[in-house]
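Structure first, commentary second.
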Amino acid sequence: MPDLASPLIAWYRENARDLPWRRDGFGAWGTLVSEFMLQQTPVSRVVPRLEEWLARWPTPADLAAAPPADAVRLWANLGYPRRALWLHRAATQIRDRHDGVVPRDVDALLALTGIGDYTARAVAVFAYGDRHPVVDTNTRRVLARAVDGRSQPGPPAKSDLAAMAAILPADDEDAAVVNAAAMELGAIVCTARAPRCEACPLAAVCAWRAAGYPDTGDDRRKQARYEGSDRQARGAILKALRDAEGHPVPADEVASEWPDAAQRDRAVDSLIADGLVEVTDGALHLPR
DNA sequence: GACCCGTGGAA
DNA sequence: TTTCCAAGGGT
């Protein structure tokens, strides 16, 4: 296999975006919060919320001491509000199990609510400098093209970690840069649509380019339609609760947020099951 | 492994 | 207007 690490490192030194979590001394807690927010949400929308969040809760213990409702409210429109709840739970677990210090061990990180293969290794690598493969959607696309000669990656698989590990250099710091560089390249050059191959540091060694950019198909699962979905109903109801700023919302007012009664009931039930909504005296509110 | 979970910008 | 896509993870 050609050397991908060297061109990635050189390219990253010159082209990496200046992002908050890349500042010196950003800290493991900041890294953890940023990674939660970046799960399926674009960088541009995360940056302002992240600054706000860390100003209010500078440590895991600070967040753990706040009611979950505050976390859900400050999450605002970042999407997938369960992540706000999970981040609050993770902060509580960090306080209770790890003396308030974000763990460094991957297995300890994986044991926290809302942290999976990607986030656990991202924290261990970017916050602590350890050597692990970090694989996100950008990295999977870069590897699918440069190594496998495919136009799009397949569905996420356990083998993704081994594929990334195979291109990591031995040195810890270099490995961390290669992890970050693969993600960055996928984000700004080797993009899903209209990749900028003329600006790619891997062009000379890219298997997909060498093969003449074949369309190898796309076997990823398509995202379900959002308009009219249960997700949209949940979103509308939860937005109303966030906007109520702590005041419980009576059931009849919730009804006006989503007219379809059956779908509304289903949405409320699922929000309660997720712990995002509680009911007191017939009125809905965020978890206290 | 399949399916579920928000939101908004870009093409 | 519709579709695609975004530093994933839990069940």
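Note: hydrogens, waters and symmetry copies are ignored here, and every other heavy atom, side chains too, is used. Throughout, a chain's letter reflects where its sequence line sits, starting with A, and its residues are numbered from 1.
As judged by a 4.0 angstrom heavy-atom cut-off over every strand, A:R193 is placed among the base-contacting residues. Looking at heavy-atom distances under 4.0 Å, A:G116 makes contact with sugar-phosphate atoms alone, never a base. Within the nucleic acid shown, A:P81 comes within 4.0 Å of sugar-phosphate atoms alone, with no base atom in reach, counting heavy atoms only. A:R22 comes within contact range of at least one nucleobase, with a heavy-atom separation under 4.0 Å. Within 4.0 Å (heavy atoms only), A:D117 reaches sugar-phosphate atoms of the nucleic acid but no base atom. A:T137 comes within contact range of the sugar-phosphate backbone alone, with a heavy-atom separation under 4.0 Å but no base atom that close. Across all strands, A:L87 comes closer than 4.0 Å to no nucleic acid atom at all (heavy-atom distances). Within the nucleic acid shown, A:W21 comes within 4.0 Å of at least one base atom, counting heavy atoms only.
At a threshold of 4.5 Å between non-hydrogen side-chain atoms, the residues A:D148 and A:L143 do not count as touching. Side-chain contact between A:V177 and A:R13: present, with at least one pair of heavy atoms (C-beta onward) separated by less than 4.5 Å. With contacts defined as side-chain heavy-atom distances shorter than 4.5 Å, the pair A:V134/A:Y118 qualifies. Side-chain contact between A:Y226 and A:R231 is present, with at least one heavy-atom pair separated by less than 4.5 Å.
Here the nucleotide nearest the side chain of A:R242, chosen from C:dT3, C:dG8, B:dT7, is B:dT7. Across C:dA7, B:dC5, C:dC5, the shortest atom-to-atom separation from the side chain of A:Y118 is found for C:dA7. Candidate nucleotides C:dA6, B:dG6, B:dA10 were compared by shortest atom distance to the side chain of A:A192, and C:dA6 ranks first. Minimum atom distance to the side chain of A:Y226 is reached by B:dG6, of the listed C:dA7, C:dG10, B:dG6. Ranking C:dT3, B:dG6, C:dA7 by closeness to the A:Y80 side chain, first place goes to B:dG6. Picking from C:dC4, B:dG6, B:dT7 the nucleotide with the shortest atom distance to the side chain of A:N77 gives B:dT7. For A:T119, the side-chain atoms get nearest to C:dG9 when compared with the rest of C:dC4, C:dG9, C:dA7.
Comparing the C1' positions of C:dA7 and B:dC3 gives an interatomic distance of 22 Å, to the nearest angstrom. Rounded to whole Å, the C1' atom of B:dG1 lies 14 Å from the corresponding atom of C:dG9. With C1' as the reference atom, B:dC5 and C:dC5 are 16 Å apart, rounded to whole Å. The same atom, C1', is picked in B:dG8 and in C:dT1; the two are 16 Å apart, to the nearest Å.
If you take CG of A:L78 and P of B:dC5, they are 19 Å apart, rounded to a whole angstrom. The CG atom of A:L38 sits 11 Å away from the P atom of C:dG9 (whole-angstrom rounding). Atom CZ of A:R234 and atom P of B:dC4 are 12 Å apart (whole Å). Rounded to a whole Å, the CZ atom of A:R140 is 12 Å from the P atom of C:dC5. Straight-line distance from the CZ atom of A:R89 to the C1' atom of C:dG9: 13 Å, rounded to whole Å. As a whole-Å value, the separation of A:D274 CG from C:dG9 C1' is 12 Å. For the pair A:H132 NE2 and C:dA7 P, the interatomic distance rounds to 22 Å; values are reported in whole Å. Rounded to whole angstrom, the span from the CD atom of A:Q152 across to the C1' atom of C:dC5 amounts to 11 Å.
Evaluation of atom-type donor-acceptor distances gives no pair under 3.5 Å for the side chain of A:R45 against the base of B:dG8. Side-chain N/O atoms of A:S44 and base N/O atoms of B:dG9 include no donor-acceptor pair closer than 3.5 Å. With hydrogens and angles ignored, a donor-acceptor pair closer than 3.5 Å exists between the side chain of A:Q223 and the base of C:dC5. Side-chain atoms of A:R82 and base atoms of B:dC5 include a donor and an acceptor less than 3.5 Å apart.
Atom CG of A:D99 sits in a sparse spot, with 12 or fewer heavy atoms from other residues, nucleotides or ligands closer than 6.0 Å.
Under 4.0 angstrom from either OP1 or OP2 of C:dG8 there lies no side-chain N or O belonging to A:Q39. Between A:R83 and C:dG8 there is no side-chain polar atom (N or O) within less than 4.0 angstrom of OP1 or OP2.
Nearest heavy-atom pair across A:A182 and A:V142 is O-CG2, 3.6 Å.
Formation of a donor-acceptor pair under 3.5 Å by the A:R83 side chain with backbone atoms of A:Q39 is found in this model.
Note: the hydrophobic cluster containing A:V33 also contains A:Y128 (ILVMFWY, side chain heavy atoms under 4.5 Å, direct or indirect links).
Of the residues near DNA chain B, A:L271 and A:P156, the one whose nearest nucleotide (by heavy atom distance) lies more toward the 5' end is A:P156. Summary of the strand contacts: A:D136 and A:L110 both lie near DNA chain C, and taking for each the nucleotide with the nearest heavy atom, the more 5' one is attributed to A:D136. Judged by closest nucleotide on DNA chain C, A:R225 is the one of A:W86 and A:R225 placed further toward the 5' end.
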